[in-house]
Number of protein chains: 2
Amino acid sequence: MDALQKQVQQFGEACREAGLKLTHQRLEIFSELVRSPDHPSAEALHQRLRKKIPTLSLDTVYRTLATFARHGMITKVETVESQGRFEVTLAPHHHLICSRCNTIMDFQWPSMDETPLPETVKEWGRIDNRSVVAYGICKNCLGG
Amino acid sequence: MDALQKQVQQFGEACREAGLKLTHQRLEIFSELVRSPDHPSAEALHQRLRKKIPTLSLDTVYRTLATFARHGMITKVETVESQGRFEVTLAPHHHLICSRCNTIMDFQWPSMDETPLPETVKEWGRIDNRSVVAYGICKNCLGG
DNA sequence: GTAGCTGCAAAGTGTTTGCAGCTGA
DNA sequence: TCAGCTGCAAACACTTTGCAGCTAC
């Protein structure tokens, strides 16, 4: 069984646990997100899925993504753009955003994940997760 | 001369350098942002400024913020919400966001600022800036 | 005097919602 | 069967734009 199949199977279990019905649309939306390393927006996902499910409506994509996010199955990525971007919830990782073409790339930074936060932050409240967002220009856009 | 006055004076110089006209509206919008530690949205700024300048229009606030951001005088903060949030460009700092009440707090983390990024990131392209975004629940919302 | 800024109104874009019919468990 | 999901269309919220008059330089 390949990685995608495994993730889709886990998805089925997660739905059952969360009391969510496992519909065709939900399965396809999730699979597409697993296959998409580029953090697509709801609109982008809808475009891609229409080829496979022509009747799929954009508002279902929005609703489904919101549902998944509420159950922690996917994560809404923080960006400066107004459009939300989504990704499947995985191991802790960070984001590189190209200011020119707006692509988002993941990267790992284990030593950072283990560095304790400053004392002042602990006084603020409870931290659930944290990630680094780095802005710059990717090699493509630099013309390299 | 207090800190606010100083910052406003520097603002005047920054405008001249950038070739921007120093209008009443621009000055007030900038001063309000300097006075606002809570990273207000365009809408919020407009609300606050209306008391002082009743004729100020919301689209001028949007346009002005975009102009300031284009010239690096202010920064648009990355959040998961759809609304953009702004702050005056200052020393490097990071953000704590309360998932419950959506307030944004700044914090310093100098040791993190100096930690070099992983090698893989250097291959991606040029990094201009980076910051940590931490999500959690603030003490207020925890009921503490 | 003139380039550029502002206010107004209208349009755009991304997202959410109400409803009626459909469907997975 | 029936709670809950989907598609449709309409509403919404935030942001941008075209235009004519106004203002800082």
Side-chain angles (χ1 to χ4, degrees), chain A residues 8-9 11-32 39-50 52-71 73-74 76-86 102 104, chain B residues 8 11-30 32 39-71 73-74 76-86 102:
Chain A
V8 167
Q9 194 195 12
F11 167 74
E13 285 161 26
C15 279
R16 218 168 307 127
E17 277 171 37
L20 297 176
K21 287 191 181 163
L22 188 56
T23 66
H24 181 51
Q25 290 90 332
R26 285 182 176 170
L27 201 102
E28 288 300 340
I29 291 171
F30 188 82
S31 310
E32 186 59 45
H39 307 73
S41 64
E43 199 97 32
L45 272 175
H46 182 237
Q47 289 290 334
R48 293 175 203 175
L49 286 162
R50 277 209 119 155
K52 195 178 280 182
I53 320 173
T55 59
L56 180 70
S57 71
L58 178 58
D59 48 274
T60 295
V61 176
Y62 274 110
R63 253 189 293 229
T64 304
L65 290 174
T67 305
F68 290 169
R70 197 173 338 112
H71 289 91
M73 298 152 80
I74 65 172
K76 200 170 176 184
V77 180
E78 58 275 340
T79 83
V80 161
E81 295 178 281
S82 50
Q83 268 185 285
R85 304 263 209 122
F86 298 86
N102 288 320
I104 303 180
Chain B
V8 167
F11 167 75
E13 285 161 26
C15 279
R16 217 167 310 126
E17 278 171 35
L20 297 176
K21 286 189 180 165
L22 188 56
T23 66
H24 181 51
Q25 290 91 331
R26 285 181 175 171
L27 202 103
E28 288 300 340
I29 291 171
F30 188 82
E32 186 59 45
H39 306 74
S41 64
E43 199 97 31
L45 272 175
H46 182 236
Q47 288 291 334
R48 292 176 204 178
L49 286 161
R50 278 209 119 156
K51 289 165 196 160
K52 196 177 280 181
I53 321 173
T55 58
L56 180 70
S57 71
L58 179 58
D59 47 276
T60 296
V61 177
Y62 274 111
R63 252 188 293 227
T64 304
L65 290 174
T67 305
F68 289 170
R70 196 170 343 110
H71 289 90
M73 298 152 81
I74 65 172
K76 200 170 177 184
V77 179
E78 59 273 341
T79 83
V80 161
E81 294 178 283
S82 49
Q83 266 185 288
R85 305 263 210 122
F86 298 86
N102 288 320

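In what follows, chains are A, B, ... by sequence order, proteins preceding strands, each numbered from 1.
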Take the protein atom [atom1] of [X] and the nucleotide atom [atom2] of [N], then report the distance between them rounded to whole Å.
{"X": "E28(B)", "N": "dG7(C)", "atom1": "CD", "atom2": "P", "answer": "12 Å"}
{"X": "H46(A)", "N": "dT16(C)", "atom1": "NE2", "atom2": "P", "answer": "15 Å"}
{"X": "I29(B)", "N": "dC5(C)", "atom1": "CD1", "atom2": "P", "answer": "13 Å"}
{"X": "E17(A)", "N": "dA25(C)", "atom1": "CD", "atom2": "C1'", "answer": "17 Å"}
{"X": "R85(B)", "N": "dA13(D)", "atom1": "CZ", "atom2": "P", "answer": "18 Å"}
{"X": "R16(B)", "N": "dA3(C)", "atom1": "CZ", "atom2": "P", "answer": "22 Å"}
{"X": "H71(A)", "N": "dG4(D)", "atom1": "NE2", "atom2": "P", "answer": "11 Å"}
{"X": "R26(A)", "N": "dT23(C)", "atom1": "CZ", "atom2": "P", "answer": "15 Å"}

Answer yes or no: is there a side-chain heavy-atom contact under 4.5 Å between [X] and [Y]?
{"X": "C15(B)", "Y": "H71(B)", "value": "no"}
{"X": "Q25(A)", "Y": "T64(A)", "value": "no"}
{"X": "T79(B)", "Y": "T79(A)", "value": "no"}
{"X": "V61(B)", "Y": "L65(B)", "value": "yes"}
{"X": "I53(A)", "Y": "H24(A)", "value": "yes"}
{"X": "R85(A)", "Y": "P40(A)", "value": "no"}

Exercise. Would a distance-only check, ignoring hydrogens and angles, find a side-chain to backbone donor-acceptor pair under 3.5 Å from T60(A) to L56(A)?
Worked result: no
Exercise. According to a strict under-4.0 Å criterion, is Q25(A) in side-chain N/O contact with OP1 or OP2 of dT23(C)?
Worked result: no
Exercise. Does T55(B) put a side-chain nitrogen or oxygen below 4.0 Å from OP1 or OP2 of dT6(C)?
Worked result: no
Problem set entry | Which residue lies more 5' along DNA chain C, comparing E43(A) with L22(A) via nearest heavy atoms | E43(A)
Exercise. If you find the nucleotide of DNA chain D closest to F86(B) and the one closest to L20(B), which residue's nucleotide is nearer the 5' end?
Worked result: F86(B)
Seminar exercise, completed: In numerical order, the residues of residues 57-66 of chain B whose heavy atoms come under 4.0 Å of DNA chain D are L58(B), D59(B), Y62(B), R63(B)
For this session: Anything under 30° is parallel, anything over 60° is perpendicular, the rest tilted; go ahead and classify F30(B) against F11(B).
Result: parallel
For this session: Could you grab the distance from atom NE2 of H46(A) to atom CD1 of I29(A), nearest 0.5 Å is fine?
Result: 9.0 Å
Exercise. Considering only side-chain heavy atoms of K21(B), which listed nucleotide, dC25(D), dT6(C), dG24(C), is closest?
Worked result: dC25(D)
For this session: Can you run through DNA chain D from 5' to 3' and write each base as (, ), [, ], | or . depending on how it pairs? Watson-Crick or G-U wobble, both distances under 3.5 Å.
Result: |||||||||||||||||||||||||
